[in-house]
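What follows is a single structure, written as structure tokens, with notes after it.
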Amino acid sequence: MGKPLKIALAGLGTVGVGVLDLLRDNGALLAQRCGRPLEVVAVSARSRNKPRGDHDLSRFQWFDDPVEMARSADADVLVELIGGEDGPARAAVEAALQAGRHVVTANKALLAHHGVALARMAEEAGVALNFEAAVAGGIPIVKMMRESVAGNAVRRVYGILNGTCNYILTRMEEDGREFDDVLKEAQELGYAEADPTFDIGGFDAAHKLAILTSLAFGCEISMDDVYVEGIEDITLDDIRYARGLGYRIKLLAVAVDTGEGIEQRVHPTLVPIGSPIAEVGDVFNAVEVRGDFVDDVMLQGRGAGAHPTASSVVADIVDIARGIVLPPLGLPARQLQPFRKARMRAHEGGYYVAMDLLDQPGEVAAVARAFADEGISIESIVQKGRSIARVVPLREGEVERETAPFILITHDTQEAAMRVALARIVEEGHCVGTPRMIRIERFR
Ligand code: HSE
């Protein structure tokens, strides 16, 4: 048996305790697999006295300051589970790399904003910077991108990268409950981030996507170039109409090289019922990669939670114990290409549109004309019974108008054309309020 790999653990929240559980429960197995024991020697957290399962922290050297621990603990590896793009997490990771220690982190925000600089530091120090747990929790997608599909030119990667949103959309569809009601439940169950806008606004998924994009296309990470829309405006009606048309709504994160550049986008998306991604429900995450030789490979699993996330953290530690050190972003950081952004206006795909259309002769024809004039071909139309909507015309007082929910989906078209057509429909006063537009992925 070789000498122990010594670990300093910064952050003893849910995942930190999950890592301690795993290292304890599977310690003998891990020692066998690595040829050496994995030993936590030092820990740091905000509070020393909070209960941490049945773990006795007095066995470890305690540090109030994670940066001091990263700098001076007698450890080979810093495991950073503090979170946050800057502050103590970043300072601790930088201190560890400067001290020539390997780093394992679950911190997606840190990597999305500073990943390239940190990868350079790690490469210069000749140490590992591993982050499997930062993207889709327990799913080994980083290893798959960095190693298993390394022989392929990647064409696209997409996935469900936020369990909270997937849970909310699944429960809305299956239980017929409204968004706010299910969000509250997700928070009570502990799925949502401390600030739920991070989840439901799509930013959590955007962080993860920015990292995947770099691994997929060998480009620099560019969080600022992710187009982000959250699920806050999705209604139960949208979910029901979409289902009637053969689709399910998911918060999808997509990165694709269009030839013009790379589209990085996170937004609610209609996916065909029956496609593998449409069947991924509740808190589950899934990622699908298309490589030029392997074709499509999909991984599905738990994207959050103490033990699934700990599984990824420990897999990263195992690599280090085995002496495996790879360029963090799949190729040397200095060889990463600058990010080339494809404009969303040039995006091509299908669209779902829902609006409250005035219920009077000629309105459907006017809407059809607006689409036809932009060269947009309509695939299906649904018009439901009447409802009353309040409208405020420019000069007269407030009036009530009869409207009817009007839903359509288009064949593939350009986003710029859709925006022009919808602006015209609003400007000409054919509908009340703003039409809702949701993109469709047909996975061809
Ligand atoms: N809050 C995230 C989610 C988990 O709901 O998927 C951690 O990334």
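A side-chain contact (heavy atoms from CB on, under 4.5 Å) with Leu5 holds for exactly one of Leu38, Leu30, Val41; it is Leu38.
Side chains of Phe284 and Tyr167 form no contact here, defined as non-hydrogen atoms less than 4.5 Å apart. Residues Ile409 and Tyr351 are not in side-chain contact: their nearest non-hydrogen atoms beyond the backbone lie 4.5 Å or more apart. Residues Leu252 and Arg265 are not in side-chain contact: their nearest non-hydrogen atoms beyond the backbone lie 4.5 Å or more apart. Looking at Leu329 and Ile221, their side chains come closer than 4.5 Å, going by heavy atoms from C-beta outward. Side-chain contact between Val79 and Val313 is present, with at least one heavy-atom pair separated by less than 4.5 Å. Put simply, the side chain of Arg439 does not reach to within 4.5 Å of the side chain of Leu270, judged on heavy atoms. Between Pro328 and Phe131 there is a side-chain heavy-atom pair separated by less than 4.5 Å. Arg52 is listed as a side-chain neighbour of Lys50, based on a closest heavy-atom distance under 4.5 Å.
With respect to Arg101 and Asp76, no salt bridge is recorded, no charged nitrogen being found less than 4.0 Å from a carboxylate O. Of the charged side-chain nitrogens involved, none lies within less than 4.0 Å of a carboxylate oxygen, so that Arg334 and Glu123 do not count as a salt-bridged pair. In summary, Arg71 and Glu68 engage in a salt bridge, as defined by a charged side-chain N under 4.0 Å from a carboxylate O. Between Arg24 and Asp21 a salt bridge is recorded (basic side-chain N to carboxylate O distance below 4.0 Å). A salt bridge is absent between Asp296 and Arg155: the closest approach of a Lys/Arg side-chain nitrogen to an acidic carboxylate oxygen does not fall below 4.0 angstrom. Arg46 has no carboxylate O lying under 4.0 Å from a charged side-chain N of Asp64, or vice versa, which leaves the two without a salt bridge. Of the charged side-chain nitrogens involved, none lies within less than 4.0 Å of a carboxylate oxygen, so that Glu39 and Arg59 do not count as a salt-bridged pair. Using a cut-off of 4.0 Å between Lys/Arg side-chain N and Asp/Glu carboxylate O, Asp204 and Lys208 are scored as salt-bridged. Salt-bridge annotation for Glu132 and Lys143: absent, with no side-chain N of the basic residue lying under 4.0 Å from a carboxylate O of the acidic one. Under the 4.0 Å criterion applied to side-chain N and carboxylate O atoms, Asp233 and Arg436 are not assigned as salt-bridge partners. Salt bridge status for Arg90 with Glu94: present, with a side-chain N to carboxylate O gap under 4.0 Å. No salt bridge links Arg171 with Glu178; every basic N to acidic carboxylate O contact stays at or beyond 4.0 Å.
No donor-acceptor distance shorter than 3.5 angstrom exists from the side chain of Asn285 to the backbone of Ala136, with no hydrogens or angles considered. For the pair His267 (side chain) and Val228 (backbone), a donor-acceptor distance under 3.5 Å is absent.
No cation-pi contact links Arg48 to Phe60, judged by a cut-off of 6.0 Å to the six-membered ring centre and 45° from its axis.
Going from atom OG1 of Thr164 over to atom CG of Leu183 covers 8.5 Å, rounded to the nearest 0.5 Å. Note that CG of Asp86 and CG of Leu110 are 8.0 Å apart. Values are rounded to the nearest 0.5 Å. Rounded to the nearest 0.5 angstrom, Arg177 CZ and Leu236 CG are separated by 10.5 Å. Atoms OG1 and CD, on Thr413 and Glu379 in that order, are 12.5 Å from each other to the nearest 0.5 Å. Atom CD of Glu260 and atom NZ of Lys341 lie 11.0 Å apart (nearest 0.5 Å). Taken from OG in Ser214 to CD in Glu220, the straight-line distance is 8.0 Å, to the nearest 0.5 Å.
Residues His207 and Phe198 bring their aromatic ring centres within 6.0 Å. Close placement of the Phe443 and Tyr158 rings is indicated, their centers lying within 6.0 Å of each other.
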Working for side-chain hydrogen bond (donor to acceptor under 3.5 Å, both in side chains), residues Glu263 and Thr258: CA-CA 7 Å; Glu263 267 183 14; Thr258 66; 5.4 Å; no
Under the side-chain hydrogen bond (donor to acceptor under 3.5 Å, both in side chains) rule, what do Thr309 and His307 come out as? Steps first, then yes or no, please. CA-CA 5 Å; Thr309 312; His307 285 180; over 6 Å; no
Using the side-chain hydrogen bond (donor to acceptor under 3.5 Å, both in side chains) rule, take Ser58 and Asp56 through it: C-alpha gap first, then chi angles, then the decisive distance, then the call. CA-CA 6 Å; Ser58 68; Asp56 172 12; 2.6 Å; yes
Hey, mind stepping through Asn26 and Arg33 against side-chain hydrogen bond (donor to acceptor under 3.5 Å, both in side chains) and telling me if it holds? CA-CA 11 Å; Asn26 290 350; Arg33 287 189 177 151; over 6 Å; no
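Other residues, nucleotides and ligands contribute only 12 or fewer heavy atoms inside 6.0 Å of the CZ atom of Arg343.
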